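Worth saying up front: this structure is predicted, and the values here are computed from it rather than measured. Sequence positions, counted from 1, serve as the residue numbers for this chain.
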Amino acid sequence: MTSNRAFTSPRLRRLFCSLFIVAAAVAALGAFGSSDPSGQGSSPERTTTATKIAPWVMEHTANGQQAEFFVVLADQGDLGGAAALPTKNEKGRYVRDVLWNKSQTTQGPLLQWLSERGLEHQSFYIVNAILVKGSREIAEMLATRSDVARVEGNPHIQNSLPQPVPATEGASQPGAPATIEPGIVYTHAPNVWALGFNGQNIVVGSADTGVRWTHNALKPHYRGWNGVTADHNYNWHDSVHSGGIVCGPDSPQPCDDDNHGSATTGIAIGDDGGANQIGMAPGAKWIACRNMDKGAGTPARYIECMEFFLAPYPVGGNPSQGDTTLAPDITINSWACPTPEGCSVNTLQGAVEAQAAAGIMMVVAAGNAGSSCSNLTDPPSFYAASYTVGALNTGTDSVAFFSSRGPVTVDGSGRMKPDISAPGTNTRSASNSSDNAYTIASGTSMATPHIAGAMALLWSAIPSLQNQIDPSRAALNNAAVHIASTKCGSAGSPNNVLGWGRVDILSAVTSGIPTPTATPTATPTATATATPTATATPTPTPGPITLSARGKKVGAINTSRLKWSGATSANIDVNRDGVVIATTPNDGSYDDSTGTTGQASFMYMVCEAGTQNCSNIVTVNFGP
């Protein structure tokens, strides 16, 4: 049994028409058993058939129509053993082997059944499922099988991608930035570069509309470019197999049919070596998979790209050639599969969880549904395995009006989302219109690559965290600038508006006290105006500021309540263990949710923002 990347051609189409008529007659008599190698299909079972077929499939196969749908097998791979494996290579190989072997040993009867009837189909293994094009009768026959868990739709959905506006092109043009982009600065990424960490040794995968790989800010960071020649094998895949408005189907090299993919990739890793320092982790490399055709995606395209990232294979190849050692460390996912358009709640869940089990950090946009609560409803944004990103108004700690919020109700979990937030408005990045073109856009799409780049910085700085999903998420969450909101539930951190708050990658890196490595040649030079002075650890000087603090448990989380008096500045820098963790209005109090539980101890000091006019040091101790 082989895994096909494009639909199998129906060689027996005329014969199938006859078989279809016969099958329909047999169905009317309730005699499905002759078409079912498992021997299932009695009348009582037909009663439950409809519950296994998604409403979208029923709707789109009405009146003799044919539609594409996933046949999800009941027997799925168990990835529980991956958690105990220490390295990414071990995790990836284990996950791929378990899932591949499961598909090989279970899909055979179904694939034979489909081939005998000349039905178009495509096999997947990251989710043990087969994409089929067929009629209502075919869907019902498949649903009666005991080895089939459910039949779900493959709708063509249109992502509402942010509409960029042109920015000044080229560093030589008037108005081109002479410093690092404001969103990058606000996360304190340049301070991490200054420590010698810029994402080196980390690979970021872009799942989007593609990438203009020749762009000046992207080409030097493409894993498929060695400075002289390009090799797209294992570095690029196109899951658009028909149509292709700009790039055509099955593009043999990276191509972006919309500005979106080039922009999101640029925010994560972009830098042209000159004035266009648009990316969080310019020392990282990128690879890409096109999962949308000018914003039009399908669950099949999304899953195919996740399968490629789990184990990349050559251009024009197939998953049997997959090499997990070439998998990316992190993926950017600024796309959605809206449930109102027919995406089932859990179609993508297994693929997302497989990436996490393999040590791949899947960073996902929360969506742009606006300010209502519980509007974070589109897969994969609400999955626990997704690291979900909300958007801030760039340069502030206020939520962008469009950023989707939790709690998650679409799957009945009540899960808190988003997980963390990043700058997402008026973000300048690469364009697909030329190799030195730039655009400006807003959306959680723009916030998401800030977090992907931040994770690349964290992993380059603290190798012991690399590909360890839960500890790495905790490191970013605990170091975030916590922002309270009462809008959609609890006012503390985390909350359903901004999650754990604004990412502060310097705090995350320095909390782990990494040992600097030699600075790579790709490290950009941060200008003095771009480096935030508030992140430097101040030396206390005598002053009128008096600080007191006490500890409390909030939902089992160690939380320090700080109170101060005597400061006259508008804003206050809050220091925990010698690192600025927040800049907050000078209202005399601040609650620090440390993200820890059990026994712990923290030292605090507050200073007038950007100065060395600081308070006394207070230690807060927490018991077990």
- Does anything in residues 451-486 pair up under ring-ring contact (aromatic ring centres under 6.0 Å, His included), and if so which pairs, sequence neighbours excluded? H482-W500

- Query: Is T388 reaching over with its side chain to a backbone N or O of P418, donor-acceptor style, under 3.5 angstrom?
  - Reply: no

Heavy atoms, side chains only, cut-off 4.5 Å: are [X] and [Y] in contact?
X: F401; Y: N393; result: no
X: V204; Y: K285; result: no
X: Q277; Y: W193; result: yes

- Message: Check whether Y125 forms a cation-pi arrangement with R96 (NZ or CZ under 6.0 Å from the six-membered ring centre, at most 45° off the ring normal).
- Response: yes

- On the ring face of Y186, is R502 found with NZ or CZ under 6.0 Å from the centre and within 45° of the axis? yes

- Item | Identified side chain to side chain donor-acceptor pair (under 3.5 Å) partner of Y604 from the options S560, S548, S615 | S560

- Message: Can you tell me which residue among N159, D208, T209 is in a side chain to side chain donor-acceptor pair (under 3.5 Å) with H260?
- Response: D208

- Message: Here's a test for you: under side chain to side chain contact (heavy atoms under 4.5 Å, CB included), which of V363, V203, N467, I360 qualifies with I330?
- Response: V363

Go through the side-chain N and O atoms of [X] and [Y] and say whether any donor and acceptor fall under 3.5 Å apart.
X: D573; Y: T583; result: yes
X: N333; Y: T331; result: yes
X: N235; Y: R223; result: yes
X: S442; Y: T425; result: no
X: D411; Y: S413; result: yes

- Item | Separation between NE2 of H450 and CD1 of I420, rounded to the nearest 0.5 Å | 12.5 Å

- Item | Pairs flagged by salt bridge (Lys or Arg N to Asp or Glu O under 4.0 Å) wherever residues 472-487 is involved - sequence neighbours left out | D419-R473

- Item | Pairs touching residues 358-373 that satisfy side-chain hydrogen bond (donor to acceptor under 3.5 Å, both in side chains), sequence neighbours left out | N368-T444

